[in-house]
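Residue numbering restarts at 1 for every chain, and letters A, B, ... go by the order of the sequence lines. No hydrogens, no waters, no symmetry mates; every other heavy atom, side chains included, goes into these values. Computed from a predicted structure; not experimentally measured.
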Amino acid sequence: MENVGVCDEFVNLKATELRLGLPGTEDGGEAEKQKISCGRSNKRALPETEKDIESTGKTETASPPKAQIVGWPPVRSYRKNNIQTKKNESEGQGMYVKVSMDGAPYLRKIDLTVYKQYSELMKSLENMFKFSVGEYFEREGYKGSDFVPTYEDKDGDWMLVGDVPWEMFVSSCKRLRIMKGSEAKGLGCSV
Amino acid sequence: MNYFPDEVIEHIFDFIASHKDRNSISLVSKSWHKIERCSRKRVFIGNCYAINPERLIERFPSLRSLTLKGKPHFADFNLVPHEWGGFVHPWIVALAKARVGLEELRLKRMVVSDESLELLSRSFASFKSLVLVSCEGFTTDGLASVAANCRHLCELDLQENEIEDHRGQWLNCFPESSTALTSLNFSCLKGETNLAALERLVARSPNLESLKVNRAVPLDALTRLLSCAPQLVDLGVGSYENEPDQESFVKLMDAIKKCTSLRSLSGFSEVAPLCLTAFYPICQNLTSLNLSYAAEIQGNHLIRFIQFCKRLQRLWILDSIGDKGLEVVASTCKELQELRVFPSDLHDEEDNDTAVTEIGLVAISAGCPKLHSILYFCKQMTNAALITVAKNCPNFIRFRLCILEPNKPDHTTSQSLDEGFGAIVQACKGLRRLSVSGLLTDKVFLYIGMYAEQLEMLSIAFAGDTDKGMLYVLNGCKKMRKLEIRDSPFGNAALLADVDKYRTMRSLWMSSCEVTLGGCKRLARNAPWLNVEIINENENNDLMMERNEEDEREKVDRLYLYRTVVGARKDAPPCVTIL
């Protein structure tokens, strides 16, 4: 059996040394930066705030920037979504988002809070722009039409309408775009 | 005992209910193993990938009740990709094929499909009870199959699941002959409810003890439901944002007065203060109260309500109750055993004076001698407070403290909270579950390893300095079963120090720590009885593996390892690599 105690490329015994230095000094600093930059994957922390955290360091206690760390605070998504919905509903003035359709001369605006589910929204859009959106399938997207409803979410990504629960959609949708034609095919159909 | 015929021994075993005890019995001798396994009715599987359904059925042919847990706990906080796994379908297929007489299925954090529910409903003639907690992947169509086909259904309990609501008529699918319901909980459904169908169902279910409706059941419907089910013990109400008119209010209160068996109240995703007062008549009987979804109620209304609830044993509430409110709880609820205080403001946006602090926690610990479980979200904490809490409440079994801001020190001394948590583990000799937060060094883990002898589950976030921290825990906590760590500087040295330790644990989760691919690979080589899963959401893992053949110093984003007797699972998605 390999002697795990041997210092090698994987097992850094220095890391297990008990040192009495304050966190943030010497080697500790490197580890702190790694820890605080919250990983390299996307959507870990909002890009603008990542830099802020790196510079303030671990011992900063006076109101740090409110970065949104993934999965923090540890509250179940179900509960988080519930509170989110509440906040949106209590906004009162409705959630107006712009709707554009490829080929249409001007945009429209609709209030998302007026609808309770996707089918209502779709019907309203179909009426507004005089088109048909086809049927939604979880895997393949929308089939049976050249038109595909998409939306821009909080992160700036273009998403297919219908994938996430309705409440999550309402709270993250910034604008709608009804794509048409070959561009639509790429997004709306199965890979 | 060896001189008794098998039937007698089996009869004696019938009195042993706890899973742990039955597992112990099966280890005594070959004959006891056989008798035990053939007579075992209830099985609990804490990790659905630790074993497969075929082996389960082979060992326990008389299985009646199965509990399965799928995704790791941190999946609750979006740290596990959606497609990770935890599918119940193969289990149902295998159980159906083997004609197991399944009566009860309880699932937590699993992926359930309508197809699974349909198959379930058609395969088990005696099926009685379905409990789904934090599951996803199904719609109300699946519920309709269960309602329609499970002739003997007594319990349908849906807790905090993500269910796509097709607003179909699933409630209508309960046949007229269905009168056996004892428990119905559909509070997590987001859509509208067929009120007429619901009322008819409740009216023909004389044994109904637990009813939890969803937001879409209005006040007058609730009144009618209560009128035909005054025997209810457990009630979950809907959403009532508008004040009722005088007549409705009186009718509601009259109906509630008749519910003298009511002991547990929940729901209230929205409740106008006057509505809440309609429940005053039964407050003194309540042992369990969950107002943690009522984000709009102000503290003073909550306090007034709770003042009547002298018999409360379990309270789930939002931090809008404030420290003052917790002081009222402490002086009113002397029977309190479990308290959960959830955050009402998740992004720290508002300057919230009414959130809770260490003051509330200390008050509770001083006023409630029977308190043994707490989950407490707060903005600040001090060592002094924790030390006082430990002195007041040495009986904690579960202690979960979440200070909203990571790495926050004791706000009066600016020191770490090592001493405070140290006091907790030293005083609470029966502590089984612990979540730590705030500024913490390796020292807190030294204390945990030294004192927390009964600790089975530990959650760590943004804590510790070096591998020594994790080692203290792994070496010291002999009863550790689930260890979950995020954003802490623990690496390969800690991970690899004692591989055999993982034989005694159900699972280990480490995300955004210092473990590297090389370390994980070595662990997987040394422990073939472990599934070592690397989860990387961004890239196709095959590409990652190729690229990093030379660079095994690459840090692992998320590591999830668990013991298993059936090897690597076959249903892992591309973002998961099993080493």
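The backbone N or O of B:S134 sits nowhere less than 3.5 Å from a side-chain atom of A:R76 that would complete a donor-acceptor pair. Looking only at distances, no side-chain donor or acceptor of A:W166 sits under 3.5 Å from a matching main-chain atom of B:E164. One N or O on the side chain of A:S77 and one on the backbone of B:D76 form a donor-acceptor pair closer than 3.5 Å.
Looking at every heavy atom in both residues, B:E162 comes nearest to A:P165 through OE1-CG, 3.9 Å.
Contacts of B:F490 with chain A are absent, with no heavy-atom separation under 4.5 Å from either backbone or side chain. In this structure, no portion of B:L495 lies under 4.5 Å from any heavy atom of chain A. Contacts of B:N161 with chain A are made by backbone atoms alone, with heavy-atom separations under 4.5 Å and no side-chain atom involved.
Side-chain atoms of B:C402 and A:W72, non-hydrogen and from C-beta on, do get closer than 4.5 Å to each other. Contact of the B:F74 side chain with the A:P74 side chain is not registered, since no non-hydrogen atoms from C-beta on lie closer than 4.5 Å.
Counting non-hydrogen atoms of other residues, nucleotides and ligands closer than 6.0 Å to NZ of B:K190 gives a total above 12. Taking a 6.0 Å sphere around NZ of A:K116, one finds it holds 12 or fewer heavy atoms contributed by other residues, nucleotides or ligands. The local environment of NZ in A:K174 is crowded, with over 12 non-hydrogen atoms from other residues, nucleotides or ligands closer than 6.0 Å.
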Chi angles and distances behind the side-chain contact (heavy atoms from CB on, under 4.5 Å) call for A:I69, B:F462: CA-CA 11 Å; A:I69 305 170; B:F462 305 101; 4.0 Å; yes

Candidate pair A:K80 and B:N78, rule side-chain contact (heavy atoms from CB on, under 4.5 Å), full reasoning: CA-CA 11 Å; A:K80 266 191 181 156; B:N78 291 335; 5.7 Å; no

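To the nearest 0.5 Å, atoms CD (B:E160) and CZ (A:R79) are separated by 6.0 Å.
Interface summary for chain A: among B:S416, B:A461, B:C188, the most heavy-atom pairs under 4.5 angstrom belong to B:C188.
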